[in-house]
Amino acid sequence: MSRESPQQLVQRLIEGYRQTALVGMACQTGLIGELSGKPVSAAEVATRRDWSPTATQRLLRGLELMGLVTSAAVDGSKHPHYALTAAGEWLVATVPGSQSLYARLSLDQYLPGWSRIAVALTGEITPFEAACGTPIWEYRRNHPEAGELFNAWLFQQSSSVIDRIVAACDVTGVRRVVDLGGGAGALIVALLQSSPQLQGVLADQPAVVDQARAELQRLGLADRCETRGIDFFEEVPGDGDLYLLKSVLHDWDDGDCRRILGSVRKAMPQQSRLLVIERLLPETPGEDPQTVWLDLHMLCVTGGRERTLAEYRDLLAQSGLSLRRVIETGGPFRLLEAGPDGVLP
Ligand SMILES: C[S@@+](CC[C@H](N)C(=O)[O-])C[C@H]1O[C@@H](n2cnc3c(N)ncnc32)[C@H](O)[C@@H]1O
């Protein structure tokens, strides 16, 4: 195989947007689902869905170039028939671990933000806001289908790391655990399932907890898990023994993090603990490229950032909280355990 020249490398990097768009389109429109049975021609798919046959054919050809689809001649037909490759199968929405929601979310909400990345250098607003008109959380509130897509993806994505996090959570002496910005509830559900003595509070924006309530009911956990629609800049439930903030602080700049942590500090009983559950930014990018990419993603989409351990320690201290220990999970997340330091800032 010939090696990619420096010029080819640059060209491939420039054209990366095409791939995000094509994969996202294939999931968003249901084109992938149309290919998940026996091989079909572009014309058959187009007829089923009332799509343009030529556009369907051309898009399938693009997916084939990307290795997501394969085509073969079929007896009795002059048109090639298309099927998913092993990689394409990962985009089928019903497959365990499917990447379908991520592909749709990336096209719908992330690509627009990234497309205005230059704004980050000078702007008062995030690249996402420059592209879509409002900060991301407001956008998701104003476009419920965008919020539901994000929450569904988050639930699925969190589920893949949750076992290690739950195993690392020390719930000794804990009666009531409050998951702040708990999203669709993946973490609190797993904690309640693993520790039957626990009561939970899932606290998030009102529309988000409304969506989570149905899932808690379906799992038979509604009587053990209260849901509270809150704005964590304004109020935090005051009756917890253990507070969780997973993948929340990385969404916000330092000033907003201090406001959130300040609300937590004000609300939490003196003997309670806080677990900040985040990835840590490495000293050198090569140690953990994924977290470095996520940091850029935060720059473009939420206006937040990934942080080093020292940066989290400082944020906690500035909010009247002391970092007491760092618990490894064996995965990308660390549990930063903190408690009130006795002095309200
Ligand atoms: C990146 S998600 C993390 C969700 C969950 N902890 C997880 O790891 O799966 C951040 C969460 O913060 C919530 N959030 C954003 N702004 C909020 C606010 N002002 N008050 C309460 N929750 C908020 C979002 O709705 C979202 O569920």
Side-chain angles (χ1 to χ4, degrees), residues 117 120-124 126-127 135-137 154 157-158 161-162 164-171 177-183 187 232-233 236 240 242-345:
I117 189 169
L121 285 170
T122 51
E124 290 288 296
T126 60
I136 184 87
W137 299 111
L154 197 63
Q157 196 246 7
S158 297
V161 290
I162 238 87
R164 286 169 188 269
I165 293 175
V166 168
C169 272
D170 175 6
V171 292
V177 53
V178 182
D179 192 2
L180 291 168
L187 178 56
F232 49 40
F233 289 105
V236 161
L242 182 68
Y243 289 80
L244 307 174
L245 271 176
K246 176 181 168 289
S247 304
V248 169
L249 295 183
H250 81 154
D251 285 336
W252 302 97
D253 66 20
D254 287 358
D256 284 334
C257 284
R258 282 191 288 268
R259 287 175 60 208
I260 297 167
L261 289 170
S263 298
V264 179
R265 171 67 181 88
K266 226 190 281 167
M268 72 194 291
Q270 193 62 26
Q271 299 311 317
S272 63
R273 290 177 287 139
L274 166 67
L275 290 178
V276 171
I277 305 171
E278 294 282 358
R279 294 163 180 266
L280 294 181
L281 202 57
E283 294 301 325
T284 51
E287 283 172 52
D288 183 357
Q290 256 191 314
T291 302
V292 176
W293 277 111
L294 204 56
D295 180 55
L296 292 174
H297 186 64
M298 294 301 138
L299 184 71
C300 291
V301 177
T302 63
R305 58 183 307 165
E306 299 301 324
R307 295 178 172 86
T308 62
L309 180 59
E311 287 169 333
Y312 277 117
R313 183 186 284 116
D314 287 349
L315 274 181
L316 288 162
Q318 290 155 9
S319 312
L321 292 153
S322 304
L323 177 66
R324 293 184 182 154
R325 58 177 172 150
V326 179
I327 306 164
E328 299 287 334
T329 64
F333 285 90
R334 308 295 211 295
L335 274 48
L336 314 185
E337 187 179 293
D341 65 8
V343 190
L344 271 173

Approximate separation, where rounding is to 0.5 Å, of [X] [atom1] and [Y] [atom2]:
| X | Y | atom1 | atom2 | result |
| --- | --- | --- | --- | --- |
| I117 | L296 | CD1 | CG | 6.0 Å |
| T329 | I165 | OG1 | CD1 | 6.0 Å |
| D253 | R258 | CG | CZ | 8.0 Å |
| R265 | L316 | CZ | CG | 11.5 Å |
| K246 | I162 | NZ | CD1 | 5.0 Å |
| D314 | T308 | CG | OG1 | 8.0 Å |

Task: Geometric class of the W252/F232 ring pair [parallel <30°, tilted 30-60°, perpendicular >60°] - done: perpendicular
Open item on the list: Check R325 with E337, please: is the shortest side-chain N to carboxylate O separation under 4.0 Å?
Closed with: yes
Sidechain-backbone polar pair: [X] side chain, [Y] backbone, donor-acceptor under 3.5 Å:
| X | Y | value |
| --- | --- | --- |
| S319 | L321 | no |
| S263 | F233 | yes |
| T284 | G286 | no |
| E287 | L281 | no |
| R279 | P332 | no |

Which atom pair, heavy atoms only, marks the closest approach of [X] to [Y]?
| X | Y | result |
| --- | --- | --- |
| D341 | S322 | CB-OG, 2.9 Å |
| G181 | V248 | O-CG2, 3.8 Å |
| S272 | G240 | CB-O, 3.4 Å |

Open item on the list: My understanding is that only residues two or more places apart in sequence, or in another chain, count here; which of them pass side chain to side chain contact (heavy atoms under 4.5 Å, CB included) with L309?
Closed with: L280, R313, L323, V326, L336
- [ ] Identify which one of Q318, R307, R259 satisfies the side-chain hydrogen bond (donor to acceptor under 3.5 Å, both in side chains) criterion when paired with D254.
- [x] R307
Open item on the list: Checking side-chain hydrogen bond (donor to acceptor under 3.5 Å, both in side chains) between E306 and each of H250, Q290, H297, which is the one that passes?
Closed with: H250
Quick check: do [X] and [Y] have side-chain heavy atoms less than 4.5 Å from each other?
| X | Y | result |
| --- | --- | --- |
| L274 | M268 | yes |
| S158 | L187 | no |
| P127 | L299 | no |
| T126 | V301 | no |
| V276 | L315 | no |
| Y243 | R273 | no |
| F333 | S247 | yes |
| V178 | L242 | no |

TODO: Could you give me the CA-CA distance, side-chain angles and deciding distance for V177 and V171, then say whether side-chain contact (heavy atoms from CB on, under 4.5 Å) is met?
DONE: CA-CA 9 Å; V177 53; V171 292; over 6 Å; no
TODO: Under the salt bridge (Lys or Arg N to Asp or Glu O under 4.0 Å) rule, collect the residues that match up with E328, sequence neighbours excluded.
DONE: R334
